[in-house]
Amino acid sequence: MGNYHFSDTPEPDNSPFGDRLANLVADQLQTGAVLAYGHRDYCGMGLKVNEDQKFIYGEVYDGDFDPPRIFETRDLFVTWLSAQSTASMSRLDDDAFFQGNQVITKKRLLDFIS
């Protein structure tokens, strides 16, 4: 959470992340690792596993997820994430402030699992 590098401007990549990457991300999340920036105010989008072993995706503010999208099982999370892409996660349909702002990208996922 101490990563303050935000120049992760998503490229227009529509290729799905795929099953392998989604499973590797799920593995990493289940170790207790959190994919989120931790700084003041809006911290972008993040991923984690909560205390009930449910997968969480959502906006992060001051290090807290709000409001989260909750996936009850690993299979549901992996199915969802594997179908996503850098483009689909870029929030291009949101207000200009959120578009591409600290979003989940393929590069960010690959850095997270390495």
Side-chain angles (χ1 to χ4, degrees):
M1 290 200 22
N3 185 349
Y4 295 102
H5 176 71
F6 308 129
S7 63
D8 234 26
T9 306
E11 21 348 300
D13 181 0
N14 290 308
S15 57
F17 295 142
D19 228 23
R20 183 171 185 276
L21 180 56
N23 273 291
L24 291 170
V25 169
D27 289 344
Q28 186 73 357
L29 292 171
Q30 287 185 303
T31 70
V34 176
L35 177 60
Y37 297 119
H39 55 79
R40 209 177 125 228
D41 301 324
Y42 178 71
C43 305
M45 302 305 290
L47 297 167
K48 75 175 184 175
V49 172
N50 70 9
E51 58 280 349
D52 297 325
Q53 299 305 303
K54 295 178 182 175
F55 289 79
I56 308 294
Y57 166 73
E59 291 181 0
V60 181
Y61 290 89
D62 298 323
D64 291 326
F65 283 70
D66 181 53
R69 178 173 178 183
I70 300 172
F71 298 88
E72 297 290 327
T73 67
R74 177 189 170 109
D75 287 343
L76 289 172
F77 173 75
V78 167
T79 298
W80 171 78
L81 186 61
S82 66
Q84 300 306 311
S85 67
T86 295
S88 71
M89 301 289 279
S90 293
R91 302 187 68 180
L92 298 177
D93 293 335
D94 283 324
D95 293 337
F97 173 79
F98 296 105
Q99 294 176 13
N101 186 352
Q102 303 173 81
V103 294
I104 304 296
T105 64
K106 185 172 188 176
K107 179 189 180 318
R108 193 168 168 199
L109 292 176
L110 290 170
D111 289 346
F112 180 64
I113 63 169
S114 61

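Everything quoted here is computed from the prediction, not taken from an experiment.
The shortest side-chain heavy-atom distance between Asp62 and Arg40 falls under the 4.5 Å cut-off. Using a 4.5 Å heavy-atom cutoff, the side chains of Arg108 and Met89 are not in contact. Tyr57 has its side chain within reach of Ile104: a pair of non-hydrogen atoms, C-beta onward, lies under 4.5 Å apart. Annotation: side chain of Leu29 is in contact with side chain of Phe77 (closest heavy-atom distance under 4.5 Å). Residues Met45 and Gln102 fail the side-chain proximity criterion, which asks for heavy atoms closer than 4.5 Å. Using a 4.5 Å heavy-atom threshold, the side chains of Ile113 and Leu21 count as touching. Taking 4.5 Å as the limit, some side-chain heavy atom of Asn23 sits within range of a side-chain heavy atom of Arg74.
Residues Phe71 and Phe55 place their aromatic rings such that the two centres sit no closer than 6.0 Å.
Under a 3.5 Å cut-off, the side chain of Asn50 and the backbone N or O of Asp52 do form a donor-acceptor pair.
Heavy atoms from other residues, nucleotides or ligands lying under 6.0 Å from CG of Asp93 number 12 at most.
Checking Asp13 against Ser15 by side-chain atom types alone, a donor-acceptor pair falls below 3.5 Å.
Partners of Tyr61 under the ring-ring contact (aromatic ring centres under 6.0 Å, His included) rule, at least two apart in sequence or in another chain, are Tyr42.
Here the shortest heavy-atom pairing between Asp19 and Ser82 reads N-CB, 3.6 Å.
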